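Below is one structure; the comments refer to it alone.
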Amino acid sequence: MKKSKIYVANWKMNMHLDFALLFSKECKKLIRENENKEKHIILCPTYPAIYSVAQLLQDTPISIGAQNCSEHEVGAYTGEVSAQSLSEIGASYCIVGHSERRTYFHETNEIIARKVAKLCNATIKPIICIGETANEYKENKTLQVLEHQLEPVLKIINEATQIPDNILIAYEPVWAIGTGKIPDNQTLETIFSWLISHVAQHLQIKTVVHLLYGGSVDATTTQEIGRVKNIDGFLIGNASLDFKKFKNIVSLP
Ligand code: PGA
């Protein structure tokens with residue numbers, strides 16, 4: 001069976017509830033128009049919008065994701081939101097390890113791995129973001145960085161008692177996020193084939209792994225990047241805030 005292309009809308013700290021609901025209604029129509037085309041949309045609103053968006057889309061194939069979760073299960077962690085709570089309000093996916101969380105909130109690879117473990121327990125599918133900085137890219141350290149970022153995450157997934165039926169890994173070079181710059185296709189080919197074999201070698205459990213690309217994705221860059229083998233979909237920031245731009249990406253063959 002042909003795999004669906006995956007489109008994750010990472011709304012970050014944007015889209016008030018009324019906008020989030022309007023966008024979701026448009027997405028419903030978009031999916032109806034694309035009924036026979038294999039497209040899987042995952043909308044990731046802010047925490048307060050998750051429940052209402054999930055309710056609105058409950059009878060559709062559109063999935064809901066959160067943008068973060070706590071590394072703890074339960075307890076005195078003021079302001080944190082647990083994976084279990086996210087599952088209760090309708091999230092079936094959750095982004096972890098986004099470079100903004102790594103940079104502004106000092107999340108380490110180990111913290112990110114603990115979050116993945118909590119997501120596995122709550123049967124939420126993790127969308128694990130990895131990627132190198134501009135300097136690391138210039139110094140040719142991309143694969144080394146990715147290996148280091150993935151190590152504790154893959155280990156914790158191997159040890160998990162509950163295994164999600166899908167795991168998404170999003171390669172997002174930090175220097176490509178919101179900059180309009182993207183890696184060339186040859187670089188992407190190398191990185192994605194490395195990712196496929198690295199994950200196959202180190203993941204000892206049975207699950208389906210999808211590989212996404214993120215960083216300055218729009219209708220133009222998608223056409224270019226779409227030619228790269230082994231990319232199952234996209235993690236979209238800026239272009240997912242404007243429905244027309246998002247539609248242009250999702251409607252591409
Ligand atoms: P961008 O963001 O599409 O605006 O570059 C992607 C992301 O941060 O996930």
Side-chain angles (χ1 to χ4, degrees), residues 5-15 19-20 23 27 39-47 49-50 53 62-69 86 91 93-107 109 112 115-116 119 124-134 136-137 142 145-146 149-150 153 167-185 187-188 191-192 195 210-226 228 231-252:
K5 257 284 188 264
I6 301 167
Y7 303 86
V8 181
N10 177 13
W11 287 344
K12 310 193 181 184
M13 204 174 73
N14 298 297
M15 302 282 264
F19 279 119
F23 191 110
C27 262
K39 314 265 175 179
H40 181 195
I41 292 176
I42 305 171
L43 299 180
C44 301
T46 56
Y47 285 144
I50 290 177
V53 169
I62 301 170
S63 304
I64 313 301
Q67 300 170 16
N68 180 35
C69 73
L86 292 173
Y93 288 81
C94 181
I95 298 172
V96 277
H98 191 281
S99 76
E100 285 149 17
R101 301 247 18 125
R102 293 177 189 263
T103 308
Y104 306 141
F105 302 95
H106 314 293
E107 291 191 7
N109 297 327
I112 292 156
K115 291 183 180 208
V116 170
L119 292 172
I124 292 184
K125 299 174 249 301
I127 304 172
I128 303 152
C129 299
I130 52 173
E132 81 289 355
T133 61
E136 290 161 342
Y137 178 70
T142 302
V145 171
L146 302 187
Q149 291 176 334
L150 281 174
V153 174
I167 290 170
L168 285 72
I169 298 177
Y171 169 60
E172 293 205 299
V174 181
W175 53 271
I177 296 177
T179 59
K181 295 182 196 151
I182 52 163
D184 60 54
N185 280 3
T187 306
L188 287 175
I191 293 170
F192 279 85
L195 272 173
H210 296 288
L211 300 180
L212 311 180
Y213 169 81
S216 296
V217 170
D218 60 24
T220 316
T221 53
T222 314
Q223 270 175 310
E224 191 56 29
I225 304 164
V228 178
I231 295 186
D232 302 316
F234 303 98
L235 179 47
I236 310 156
N238 260 320
S240 75
L241 299 178
D242 175 326
F243 182 73
K244 272 196 195 137
K245 288 186 184 165
F246 186 68
K247 182 178 175 177
N248 284 342
I249 298 171
V250 176
S251 306
L252 286 170

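One-based numbering along the sequence shown. Since the structure is predicted, the reported quantities are computational estimates derived from the model, not experimental observations. Order of appearance sets the numbers: ligands from 1, and atoms from 1 within every ligand.
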Of all heavy-atom pairs between [X] and [Y], which one has the smallest distance, and what is that distance?
{"X": "Gly237", "Y": "Lys12", "value": "CA-CE, 4.4 Å"}
{"X": "Ala66", "Y": "Ala91", "value": "N-CB, 4.2 Å"}
{"X": "Pro126", "Y": "Leu119", "value": "CB-CD1, 4.0 Å"}
{"X": "Trp11", "Y": "Gln67", "value": "C-NE2, 3.9 Å"}

I'd like to check which ligand 1 atoms, numbered from 1 as shown, lie under 4.0 Å from a non-hydrogen atom of [X].
{"X": "Ser216", "answer": "1 (P), 3 (O), 5 (O)"}
{"X": "Lys12", "answer": "2 (O), 7 (C), 8 (O)"}
{"X": "Leu235", "answer": "9 (O)"}
{"X": "His98", "answer": "7 (C), 8 (O), 9 (O)"}
{"X": "Gly215", "answer": "5 (O)"}
{"X": "Asn10", "answer": "9 (O)"}

How far is [atom] from the closest protein heavy atom, and which atom is that?
{"atom": "atom 4 (O) of ligand 1", "answer": "Asn238 N, 2.9 Å"}
{"atom": "atom 9 (O) of ligand 1", "answer": "Glu172 OE2, 2.7 Å"}
{"atom": "atom 3 (O) of ligand 1", "answer": "Gly237 N, 2.9 Å"}

Hey, is ligand 1 close enough to [X] that some N/O pair sits below 3.5 Å?
{"X": "Thr179", "answer": "no"}
{"X": "Ile236", "answer": "no"}
{"X": "Gly178", "answer": "yes"}

Look up atom CG in Leu188 and atom OH in Tyr213, then write down how far apart they are to the nearest 0.5 Å.
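These two atoms lie 6.5 Å from each other.
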Rounded to the nearest 0.5 Å, the CG atom of Asn68 sits from the SG atom of Cys94 at a distance of 6.0 Å
Gly214 to ligand 1, any heavy atom closer than 4.0 Å:
no
Is Ala239 in contact with ligand 1, taking contact as a heavy-atom separation below 4.0 Å?
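Ala239: no contact with ligand 1 (<4.0 Å).
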State which residues pass side chain to side chain donor-acceptor pair (under 3.5 Å) with Thr187; sequence neighbours excluded, sorted by chain then number.
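Checked Thr187 against side chain to side chain donor-acceptor pair (under 3.5 Å); matches are Asp184.
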Looking at Glu107 and Arg102, does any basic side-chain N land under 4.0 Å from a carboxylate oxygen?
no
Please determine which of Cys27, Ser240, Ser63 meets the side-chain contact (heavy atoms from CB on, under 4.5 Å) test together with Leu43.
Cys27
